[in-house]
Amino acid sequence: MSFPQPTSSWRRVATLGLAALLAASATAPEAFAAPAHRAGGTRLGEVRVVARFDRSAGQVAESIAPEPGGSVVIGMIPARQVVRVAPDGVVRVLVTMPLPPGGGGTTPVIGVPVVTGVARADRGDVYFLYSSGQGGLTGIWQVRPSGAPRLVVPLPAGTMPNALVIDGGRFLVTDSAGGRIWQAPLRGGAASVWSADPALAPDGFFGANGLKVHDGAVWASNSDRGTIVRIPVAGGGRAGRAEVRATGLAGIDDFDFTGRGDEILAAINQAGRLVRVGPDGSRATLLDAEDGMQGTTAVVVRGNRVYVTNGANLAGDNPNLLLARLRY
């Protein structure tokens with residue numbers, strides 16, 4: 001999840017997020033090398049803006065779920081929306097979640113209700129996360145072609161669900177407030193904690209954030225600690241012990257794998273950068289402000305296409321969806 005735009009009710013949240021990230025940065029090693037389009041290794045080319053969003057309407061782009069044909073579904077955090085962006089950049093709102101009774105001021109950590117992660121099942125169903133600070137509203141919701149969205153997996157009011165992944169017949173969800181990963185059956189029903197490893201815990205603000213399944217393991221980013229951790233899937237689908245695979249990524253949000261082994265592209269929210277993380281933990285910046293990065297929130301790789309969302313949540317006024325091509 002990104003950090004909210006610094007206006008009205010978001011001002012306090014933005015301050016808290018910035019303070020947490022500055023504290024982390026003060027103790028982290030130098031995080032980034034020169035931009036990778038001027039360095040060796042995996043690069044990006046043909047970078048272009050596919051769509052721009054309305055930040056004044058709360059359209060802080062947060063998460064990405066690609067669809068066949070080149071469209072993508074995106075979660076918009078303070079707008080409480082799920083939108084579809086067509087290949088030609090046309091944006092259509094699929095869902096706007098209602099404010100909970102009382103306005104959602106009890107939402108953990110941030111104090112306002114938000115739509116965060118999105119995911120698409122193989123059969124085409126679209127799901128999203130809503131965090132409201134209230135039971136009966138917080139959890140995994142399904143977008144329906146007609147009618148109101150449907151709550152399929154309720155989560156406790158004290159959770160801050162952030163990233164959503166479909167792994168075979170189950171959902172996996174990061175909980176940034178509790179520093180946990182939840183699981184639930186894809187058919188819907190009760191959720192249970194899959195991992196509460198200390199490597200997922202927050203250190204003042206957001207812990208576990210981004211989430212991917214890769215090469216027999218579940219991988220998660222920890223925003224406060226600037227890390228990416230790998231949790232092996234043990235017998236019976238149980239969680240093994242987490243192993244820190246990358247450090248020095250203060251303010252990391254979402255991430256994805258390039259298709260070259262364990263090489264990762266990481267969205268660095270506070271710095272507004274997209275960073276390549278090598279299997280050995282080395283880091284190099286691929287995209288930065290010159291390329292349109294402002295509060296970078298999410299990245300998804302599909303073949304040689306790389307989708308990147310920018311929330312422009314603490315600085316700038318250009319929330320957008322970018323598309324680039326992988327080059328080796």
Side-chain angles (χ1 to χ4, degrees), residues 1-7 10 13-14 17 47-67 70-97 110 112-120 126-131 143 161-164 174 176 206 209-211 221 223 251-256 265-274 287-289 291-302 305-324:
M1 177 183 172
S2 64
F3 295 87
Q5 74 182 61
T7 58
W10 290 90
V13 180
V47 182
R48 64 183 179 91
V49 175
V50 176
R52 302 184 189 277
F53 307 115
D54 184 359
R55 195 181 73 169
S56 65
Q59 289 189 329
V60 175
E62 156 61 15
S63 52
I64 310 166
E67 297 185 306
S71 61
V72 298
V73 175
I74 295 176
M76 298 286 184
I77 46 177
R80 310 183 310 283
Q81 290 178 341
V82 179
V83 307
R84 175 173 284 126
V85 181
D88 62 1
V90 174
V91 179
R92 181 167 71 92
V93 177
L94 302 180
V95 170
T96 300
M97 291 298 286
I110 60 175
V112 284
V114 289
V115 166
T116 51
V118 292
R120 184 184 186 277
V126 175
Y127 299 90
F128 65 95
L129 297 171
Y130 186 42
S131 180
V143 177
N162 202 325
L164 175 64
T174 52
S176 295
F206 273 7
N209 194 329
L211 185 69
S221 60
S223 295
I252 184 173
D253 201 316
D254 188 31
F255 65 95
D256 203 359
L265 301 182
I268 309 300
N269 191 318
Q270 187 62 35
R273 296 181 180 180
L274 187 71
L287 301 175
D288 55 21
D291 303 290
M293 300 292 102
Q294 290 184 357
T296 309
T297 51
V299 55
V300 170
V301 179
R302 287 295 182 271
R305 293 174 298 169
V306 180
Y307 297 93
V308 183
T309 46
N310 289 279
N313 43 334
L314 289 179
D317 57 359
N318 186 26
N320 60 51
L321 170 68
L322 294 182
L323 177 63

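Note that the structure is a prediction, hence the values are computed from the model and not measured.
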Treating [X] as the side-chain partner and [Y] as the backbone partner, does any N or O pair qualify as donor plus acceptor under 3.5 Å?
X	Y	result
Asp253	Ala267	no
Asp256	Val300	no
Glu62	Gly75	no
Thr309	Thr297	no
Asp254	Gly210	no
Arg55	Ala312	yes
Gln59	Asp54	yes
Ser63	Thr116	yes
Asp88	Val90	yes

Which heavy-atom pair separates [X] from [Y] by the least distance, and what is that distance?
X	Y	answer
Gly89	Ala51	O-CB, 3.7 Å
Gly311	Pro319	O-CB, 3.7 Å
Ile74	Val118	C-CG1, 4.2 Å
Leu287	Asp291	CA-OD2, 3.3 Å

Step by step, would you call Phe53 with Val85 a side chain to side chain contact (heavy atoms under 4.5 Å, CB included)?
CA-CA 10 Å; Phe53 307 115; Val85 181; 4.0 Å; yes
In the structure I gave you, are the side-chain heavy atoms of [X] and [Y] within less than 4.5 Å of one another anywhere?
X	Y	answer
Ile252	Asn209	no
Thr174	Phe206	no
Ser131	Val114	yes
Met293	Val308	yes

[X] side, atom [atom1]; [Y] side, atom [atom2] - distance, nearest 0.5 Å:
X	Y	atom1	atom2	value
Arg52	Leu321	CZ	CG	11.0 Å
Phe255	Leu211	CZ	CG	6.5 Å
Arg120	Ser71	CZ	OG	7.5 Å
Asn162	Ser223	CG	OG	7.0 Å
Leu94	Phe128	CG	CZ	9.5 Å
Asp288	Arg273	CG	CZ	6.5 Å

Is there a side chain to side chain contact (heavy atoms under 4.5 Å, CB included) between Val93 and Met76 once you walk through the steps?
CA-CA 10 Å; Val93 177; Met76 298 286 184; over 6 Å; no
Would you please test Asn318 and Asn310 for side chain to side chain contact (heavy atoms under 4.5 Å, CB included) and show each step?
CA-CA 8 Å; Asn318 186 26; Asn310 289 279; over 6 Å; no
Could you tell me whether the side chains of Asn269 and Thr296 share a donor-acceptor contact shorter than 3.5 Å?
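No, no side-chain donor-acceptor contact under 3.5 Å.
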